[in-house]
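First up is the structure itself, then whatever we jot down about it.
All values below were derived from every heavy atom in this structure, side-chain atoms included, with hydrogens, water molecules and symmetry-related copies excluded. Below, read A as the first sequence line, B as the second, and so on, with proteins coming before strands; counting in each chain starts at 1. Worth saying up front: this structure is predicted, and the values here are computed from it rather than measured.
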2 protein chains.
Amino acid sequence: MSKDKNRSNCPISCSLELWGDKWSLIIIRDLMFAKQCTYGDFLKSEEKISTNILAARLKTLEQHMVIEKLEHPNSKSKVLYKLTKKGIELLPILVEINLWGEKYYADIPDRTKALLKDVKKDKKSFIRRTIKKLDID
Amino acid sequence: MSKDKNRSNCPISCSLELWGDKWSLIIIRDLMFAKQCTYGDFLKSEEKISTNILAARLKTLEQHMVIEKLEHPNSKSKVLYKLTKKGIELLPILVEINLWGEKYYADIPDRTKALLKDVKKDKKSFIRRTIKKLDID
DNA sequence: ATATTTACTTGCATTTTACAAGTACAAATA
DNA sequence: TATTTGTACTTGTAAAATGCAAGTAAATAT
């Protein structure tokens, strides 16, 4: 019925209890680099999340104020999802995961390579610029 | 029988397929800040991982060369686990998760607070020093 | 010789996930 | 206006992962 207690007060452990799974950061990645997404946009991602899992994750992330829902400007049947400040602040984590993954996995997409080249040139500046883009709505 | 194909070539997605769960980074955290751990040490952690899950995660992380097994200097019945270079390089990710978690969760343990104070003073230096400690074996 | 420690494995109930299909409302089309 | 399509979900169910308790085997301590 109600929320369980955290298994510890370690910030890493608490964070993992919220988004430590195979899908949450994929959703957040999409929002981070596409700015805003509809439900259908998430479903179209290459990783092919199933619709019930997507709905569950969106719900949890919204409840924990990592993302929020917005009305779509052109349509009442569409919903726009976007990152909150709390969600945007996950960017440094995504950047570091990207850098680690680039080092240990092959066939990185060109778009990602370009992005990471930019990151490596000046990480702080990349983060600042990306956040700035997300903040404008 | 054999390994499944990755769901995409996105480095974030690939990384999550390996350690995107509620336990892998807890194991890695323990190794990162305790340098070396036995099986029993992991079980003693506050988060109370169950023994079958621990065994499964250690196996996967070893297979993917994130951790490795060492003989215990004093005992043939003990096994020492330590991070490989690949594992050590997850430190920037753990640092960023820690910083995010510190911001959004309460009652952070004093040890962690002290560590994060050090991180915030000079992140690069903290990472360099922590890696240096881990490299000596 | 016996008991204890250590690193696991095994069995099973519960939970989570993945896949397929279905629903409800908005919007476009005939 | 009626019907089809698009969009955001929900529901059902089988398969897989998890959590808990107990068990095993080798090494060490007593």
Side-chain angles (χ1 to χ4, degrees), chain A residues 1-8 13 16-28 30-31 34 36-64 67-82, chain B residues 1-8 13 16-28 30-31 34 36-64 67-82:
Chain A
M1 220 114 279
S2 64
K3 271 282 133 58
D4 290 321
K5 214 197 162 294
N6 287 333
R7 54 194 181 177
S8 81
S13 176
L16 292 175
E17 286 191 77
L18 172 55
W19 46 257
D21 62 69
K22 305 228 179 298
W23 292 111
S24 295
L25 288 184
I26 294 291
I27 292 170
I28 290 161
D30 286 352
L31 287 169
Q36 286 173 332
C37 299
T38 64
Y39 193 89
D41 290 335
F42 292 118
L43 288 178
K44 270 177 242 149
S45 278
E46 211 185 344
E47 290 85 9
K48 296 272 164 283
I49 188 169
S50 27
T51 174
N52 55 339
I53 305 295
L54 175 58
R57 292 292 178 281
L58 289 172
K59 194 178 180 183
T60 304
L61 291 173
E62 197 196 356
Q63 284 171 342
H64 287 81
I67 65 175
E68 60 184 335
K69 285 182 179 193
L70 257 75
E71 323 189 320
H72 195 284
N74 311 332
S75 165
K76 238 170 246 182
S77 70
K78 287 187 186 178
V79 176
L80 276 182
Y81 287 93
K82 65 169 291 211
Chain B
M1 216 112 284
S2 63
K3 272 283 133 59
D4 289 322
K5 216 199 161 296
N6 288 332
R7 54 193 182 178
S8 81
S13 176
L16 292 176
E17 286 190 78
L18 172 55
W19 47 256
D21 61 69
K22 305 228 179 300
W23 292 111
S24 296
L25 288 184
I26 294 292
I27 292 169
I28 290 160
D30 285 353
L31 287 169
Q36 287 172 332
C37 299
T38 64
Y39 194 89
D41 290 336
F42 292 119
L43 289 178
K44 271 177 241 151
S45 278
E46 210 185 346
E47 290 84 9
K48 297 272 164 282
I49 188 170
S50 30
T51 174
N52 55 338
I53 304 296
L54 175 59
R57 291 293 177 281
L58 289 172
K59 194 178 179 183
T60 304
L61 291 173
E62 197 198 354
Q63 283 171 342
H64 287 81
I67 64 175
E68 59 184 335
K69 286 182 178 191
L70 258 74
E71 323 189 322
H72 195 286
N74 312 332
S75 166
K76 237 169 246 182
S77 70
K78 287 186 185 176
V79 176
L80 276 183
Y81 287 94
K82 65 169 292 209

Between A:Ser77 and B:Lys78, just flag the one whose closest nucleotide in DNA chain C comes earlier from the 5' side.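 Final value for this comparison: B:Lys78.
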
Between [N] and [X], is there an OP1 or OP2 to side-chain N/O distance shorter than 4.0 Å?
{"X": "A:Arg57", "N": "C:dT17", "result": "yes"}
{"X": "B:Trp23", "N": "D:dT18", "result": "no"}
{"X": "B:Tyr81", "N": "C:dC8", "result": "yes"}

Taking the side chain of B:Val79 as its heavy atoms from C-beta onward, which of C:dC8, C:dT17, D:dT28 lies nearest to it?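 Out of C:dC8, C:dT17, D:dT28, the nucleotide with an atom closest to B:Val79's side chain is C:dC8.
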
Base, sugar-phosphate, or nothing: which does B:Lys69 touch, judged by heavy atoms less than 4.0 Å apart?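 Sugar-phosphate: the residue B:Lys69, judged by heavy atoms under 4.0 Å, touches backbone atoms but no base.
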
Separation of atom [atom1] in [X] from atom [atom2] in [N], rounded to whole Å:
{"X": "B:Asn74", "N": "C:dA7", "atom1": "CG", "atom2": "P", "answer": "13 Å"}
{"X": "A:Lys59", "N": "D:dT11", "atom1": "NZ", "atom2": "C1'", "answer": "13 Å"}
{"X": "B:Ile26", "N": "D:dG19", "atom1": "CD1", "atom2": "P", "answer": "12 Å"}
{"X": "B:Lys76", "N": "D:dA25", "atom1": "NZ", "atom2": "C1'", "answer": "16 Å"}
{"X": "B:His72", "N": "C:dC8", "atom1": "NE2", "atom2": "P", "answer": "13 Å"}

In residues 38-54 of chain A, which ones come under 4.0 Å of DNA chain D, going by heavy atoms?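 Output list: A:Thr38, A:Tyr39, A:Gly40, A:Thr51, A:Asn52.
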
With a 4.5 Å limit on heavy-atom distance, are the side chains of B:Ser13 and A:Leu25 in contact?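 No, every pair of side-chain atoms sits at 4.5 Å or beyond.
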
Surrounding NZ of B:Lys48 (heavy atoms of other residues, nucleotides or ligands, distance under 6.0 Å), is the total greater than 12?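 Yes, NZ of B:Lys48 has more than 12 neighbouring heavy atoms, counting only those of other groups under 6.0 Å.
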
